[in-house]
Structure formats: structure tokens, C-alpha cells
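Take a look at the structure set out below.
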There are 2 protein chains.
Amino acid sequence: MRLIDLSLSASDEDRGAFLSELCESLEIDHACYALQDPFSGNVHGYATYPEEWKQLYGQRAYQHVDPTFTKAVRSVAPVDWSRFTSDSGFDTVFSAARDFGISSQGLSVPVRGPFGDIGLLTVTRDCGEREWQGLRRKIIGGLQSAAVNFHDSVMRSNTIAGLMRVPPLSSRECEILQWIAAGKSQQDVGDILSISPRTVEVHLRSAREKLGALTTPQAVGRAVRLALISPG
Amino acid sequence: MRLIDLSLSASDEDRGAFLSELCESLEIDHACYALQDPFSGNVHGYATYPEEWKQLYGQRAYQHVDPTFTKAVRSVAPVDWSRFTSDSGFDTVFSAARDFGISSQGLSVPVRGPFGDIGLLTVTRDCGEREWQGLRRKIIGGLQSAAVNFHDSVMRSNTIAGLMRVPPLSSRECEILQWIAAGKSQQDVGDILSISPRTVEVHLRSAREKLGALTTPQAVGRAVRLALISPG
DNA sequence: CGATCCATTGGGGAAATCCCGTAGGGATCA
DNA sequence: TGATCCCTACGGGATTTCCCCAATGGATCG
């Protein structure tokens, strides 16, 4: 069981190669990493799957029904796909996946970052159930480490940083947004900070603009998601 | 941000025992788990540290300066404490910790859940630097797994569930709150869902009440944090 | 030393939200 | 079969937010 240090190299090609090496060293068929960024909600990913399967997956928008994605992003611990055998979406996706030689036996490892970013490292292996149990136990620690390092590497990279850039709110804007998120009115915030409610409104407006929000509720939602503030 | 010793509650004795077993099986001196809940900001924890050290830590509110806590909760990957050698807070805390036989050589493993909950599993070991490097490499996978499972267990437990309970919004309330968080006005939402804007307002009101929010922005913030909705 | 950004305050008016009610139909459950 | 909750809808009025405008002092930066 070998682990490659990603902190040394961090380009996109290296990441694809890393997944391939992960498959070899951990004796698995396929590995896939998906990142759901909290700002756009888009999903970016790398996978060792056949190109045709990747395209089909995207065309049919399977990420909306695939429980190895939708359920796993809600989990804390790694999720074995055996949990999804009674899931209709699972059947839909993996009856199609079987045509591409992709097993319905796998594991999804979620990783969360401080900005609401969620990474998902999934691996599959076609083998007997008993063998799978043993393999899973053997590699789960390494998979956890690999998932965390991979996600960390992706989040530090420039390509993703551009997509998930956190708007630089001024300290005052942050402060006021924080109070608004705590359920205070603009008038209240003015009293709390000993400034005019007009000033509060101005800061709130510029915060909305910087966050690309049309309304204050939307701005609060985005700021919470981006970990700029925490709701009271 | 208060410190709460969870091991005092009788129902959680097995968790303290788990940490002790972790120490033995992974050949480490001490293990500590801390949970920062996103609502109160309070810190709940278990530790194998001497009782006197736990008390002193709480009395002096070290959780505000201790970089093994403050820095690690911002990290994705596990953090080796060697990174903190030039940190003033680190010196403050660990010059005091040394009196209790606690090494300044350790590792902090952060874990995040879908509700903004952050768990931190930290371990220490007093030994030579080379030996530490080897040990760390050997146990880091197991530590990751242990941290995730421990955090998952804590979050599922009743003691914490009471503190972080998720209010059951109706599907309609969720739907409307989702649109509001996407920057739509009540009028817009009424048009989108083909219902009266008055009805939208009613749902929004009951959503606020269920979330214990005084204003709509606060309700959106909380709903986002609770992963009931995702901001547009 | 200008340029730029930030924090601050203000007015006027349009728009939206919020709070106080009421009320019927449908689903679920003890 | 009542009880309870959800979804739907409406009104009036008070409150709040939002958007247009303009202005001053301070800090920072090239």
C-alpha cells in the first residue's frame, strides 16, 4: 500500500496519474474524485473510468440521482455502496455502469473543507463479497488519507481557487452581516455598533454586491456557506 | 466559547474508553477529541489527559490561543504540531502542559460533518523525532478512520443531538426558503410556484418559527448551516 | 501627492416584508 | 371520528428594507 505525496506536485495531469496509481497500489479497479464547490454548486472531477462512461454520466446528469454521490455528500464516515442496493437511483446508474465494466461494489469517502467545499473519493472493485470486505478493511485508512490529501491539493490549486474565490468583505461588512445573520434588524445593528442605520444599510449593500447577491437573505446564505460568518 | 468535559456525563463512558484503547493500540501517550458545535460555538470534549490539566486548560481558556485547536479547525489535512513551534500560543500552552507530562509532539486530525460541525482528534507522543516521524506515517491512516468514526458516533448520540437538533421543515417551507436563499422575492416565488405571495409569506413565517429565527436572513443562514438548503 | 478604498451620515420615495388576524380542504393519526 | 398539521388564500396596516442621490474624513498605496 503506497501513498504518493501530492504536496510536491499539483497539476491536473498529476492528479489523473495519482488516481491511476491509487488503483494499482490499493488493488482497486477504478478511482474517482469529485468536488462540489459551494459557490456555483458545480461538480468538478477526475476519474479513471472509460471516457464513454464519463460522457454518458454527464449527459444523463446522473449526479442528481446517483446515491454514491447524493447520499455520500451527506455522510461523515465512508459509505459502502452495499447500503444503496435498495435505492432506485443506484439501480438506474449501475445497471448502465455495468455495460462499461464498472462494478456496483465500491466505497465513497467524503471530505469537507472549511469553506463548505466537499470532496468525494470513490473507488470500485469487482470481486467476491468476502474478498471485498477484507480489502476494504485493509485500505480504508489509506483511502482516508488519500482523500484528504487529494482534496487539500485541489483546494490549494489555482484552477479551483479561481472558481471558488471568496469575495473579500471588509471587516465592517462582515461584522454587520454577522449581526444581520443573528436576526438583528438594520436599526438594531446601528444601535449595537453605535452607528447610523443608514450606514448599516450602505455596508449591507456593498456586502450584497461583493457576494453577488440580489437580496440580503441570499447574501447571508452565501456568507454562511463560505464560512465568512456563522449564523446566530 | 466554553469548554465542556463530555466524559462527565455517564452515558459516554465508552467513548473515554475508546480513547484509552486508541492510545494503546497506536502506541501513543494521549488522545483527545474535541467538538466545536456551530450554534453555541462551545467546545465539547473527551481526553485521556490528567484531570488537573483538563481543569487548568479550561480555567485559562487555552482553547482560544492553543494553535493545535485554533489552527487545526481551519485545516483540511492532519496537522503536525511541529508547524507550531514558532507560535506564541503554542509555547504558552505547552510549556504549561509539560508540567503534566504532556509532550509537545503531536498531531491534530480535523473532521467536518454536513452541519458545520467540526471534530478534532489529537494525539501526543513523547519520543525521538525520527521515531515520531515513523510512528506518524504508520498510524495516520488509522487515525483518520478513528477520527471520522468517533465524530460520526458523537454526532449521532443523543447528548449532542439535543444541542444540534435539526427542525423538521415541511417540503413546501424548504422549497420556498430555497428560492428566497436564491435571491428571489416573495412575489417572485409566488409566480414561480404559481401560488399567492401571501401563501409564500405564511410558509416563510412558519419556517422562521421552526428555525427559531427572528428574521428571514437569519432563517436562511441557519437553514444553510443545517444543510436544509443550499444558497443559489 | 493624487488615487482609491473604506467608514461614516444623510434625504426621499418606492417597494417589500412583517404581523395581526380569518378560513376552507386534505392528509394523517390516535 | 375528532385532532392535528400542512397547504392554500386573503386584508389592513405598521415596519423595514431597498434604491436613487450626495458628502466628509481617514487610511493606504503607487
Side-chain angles (χ1 to χ4, degrees), chain A residues 161-162 165-232, chain B residues 161-162 165-232:
Chain A
R165 117 172 198 291
V166 178
L169 294 191
S170 76
S171 62
R172 204 58 162 175
E173 287 156 355
C174 238
E175 193 178 11
I176 284 171
L177 206 57
Q178 174 72 65
W179 281 113
I180 295 296
K184 304 298 180 185
S185 69
Q186 295 178 7
Q187 179 69 53
D188 292 338
V189 178
D191 294 341
I192 291 168
L193 300 179
S194 300
I195 59 177
S196 158
R198 298 314 193 101
T199 306
V200 174
E201 193 213 323
V202 172
H203 289 308
L204 207 46
R205 191 186 318 168
S206 68
R208 278 198 304 269
E209 285 167 2
K210 286 178 181 176
L211 288 165
L214 297 169
T215 64
T216 296
Q218 187 179 23
V220 169
R222 289 190 170 179
V224 168
R225 181 54 98 78
L226 293 170
L228 292 171
I229 62 175
S230 57
Chain B
R165 97 170 217 292
V166 178
L169 292 192
S170 77
S171 63
R172 203 56 160 176
E173 287 157 354
C174 237
E175 192 178 12
I176 284 171
L177 205 58
Q178 175 70 65
W179 281 113
I180 295 296
K184 305 297 181 185
S185 70
Q186 295 179 9
Q187 179 70 54
D188 292 339
V189 178
D191 294 343
I192 292 169
L193 300 179
S194 300
I195 59 177
S196 157
R198 297 311 193 109
T199 306
V200 173
E201 195 214 321
V202 173
H203 288 307
L204 208 46
R205 192 187 315 168
S206 68
R208 277 198 305 269
E209 285 167 3
K210 287 179 181 174
L211 289 166
L214 297 168
T215 64
T216 297
Q218 186 180 24
V220 169
R222 290 190 169 179
V224 167
R225 182 54 95 85
L226 293 169
L228 294 171
I229 61 174
S230 57

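Order of the sequence lines fixes the chain letters, A, B, ..., with proteins taken first and strands second; residue numbering starts at 1 for each chain. Here the structure is a predicted model, which is why all the values come from computation and not from measurement.
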Notebook entry, point to check: If only side-chain N and O atoms of A:Arg208 are considered, is one of them under 4.0 Å from the OP1 or OP2 phosphate oxygen of D:dC18?
Noted result: yes
Next item on the list: Verify the contact: side-chain N or O of A:Ser170 to OP1 or OP2 of C:dA7, cut-off strictly under 4.0 Å; return yes or no.
Entry: yes
Notebook entry, point to check: How is B:Thr216 classified with respect to the nucleic acid when contacts are heavy atoms under 4.0 Å: base, sugar-phosphate, or nothing?
Noted result: sugar-phosphate
Checklist line | With sequence neighbours excluded, residues passing salt bridge (Lys or Arg N to Asp or Glu O under 4.0 Å) with A:Arg172 | finding: A:Glu175
Check: If you measure from NE2 on B:His203 to CD1 on B:Ile195, what distance do you get to the nearest 0.5 Å?
Finding: 5.0 Å
Note to self: Between P on C:dC19 and CG on B:Leu204, what's the gap in Å once rounded to a whole number?
What the structure shows: 10 Å
Check: Roughly, in whole Å, what's the span from NE2 in A:His203 to P in C:dG10?
Finding: 13 Å
Note to self: What's the separation between atom CD in A:Glu209 and atom CZ in A:Arg205, rounded to the nearest 0.5 Å?
What the structure shows: 7.5 Å
Check: Which one, C:dA7, D:dC7, C:dC6, comes nearest to the side chain of A:Lys210?
Finding: C:dC6
Notebook entry, point to check: Under the 3.5 angstrom rule, does the side chain of A:Arg222 hit a backbone N or O of A:Pro217 as a donor-acceptor pair?
Noted result: no
Item checked: Nearest-0.5 Å distance, NZ of residue B:Lys210 to CG of residue B:Leu228 -> 11.0 Å
Item checked: Base versus backbone protein contacts along nucleotides 20-30 of chain D [heavy-atom cut-off under 4.0 Å; B, S, -] -> B----------
Note to self: Could you tell me if the side chain of A:Thr216 sits less than 4.5 Å from the side chain of A:Arg208, heavy atoms only?
What the structure shows: yes
Notebook entry, point to check: Which residues within residues 185-196 of chain A lie with some heavy atom under 4.0 Å of an atom in DNA chain D?
Noted result: A:Ser185, A:Gln186
Next item on the list: Using whole Å, report how far CG of B:Leu214 lies from C1' of C:dT17.
Entry: 15 Å
Margin query: Rounded to whole Å, how long is the line connecting atom CD of B:Gln218 with atom P of C:dC18?
Written below: 12 Å
Next item on the list: May I ask you to say what B:Ser171 touches in the nucleic acid, namely base, sugar-phosphate or nothing, with a heavy-atom cut-off under 4.0 Å?
Entry: sugar-phosphate
Notebook entry, point to check: Roughly how far apart are B:Asp188 CG and B:Ser185 OG, rounded to 0.5 Å?
Noted result: 3.0 Å
Margin query: With a 4.5 Å cut-off on side-chain heavy atoms, are B:Trp179 and B:Leu193 touching?
Written below: yes
Next item on the list: Could you state the atom-to-atom distance from CD1 of A:Ile176 to P of C:dC6 in whole Å?
Entry: 13 Å
Notebook entry, point to check: With a 3.5 Å cut-off and no angle check, do the side chains of B:Gln218 and B:Thr215 form a donor-acceptor pair?
Noted result: no
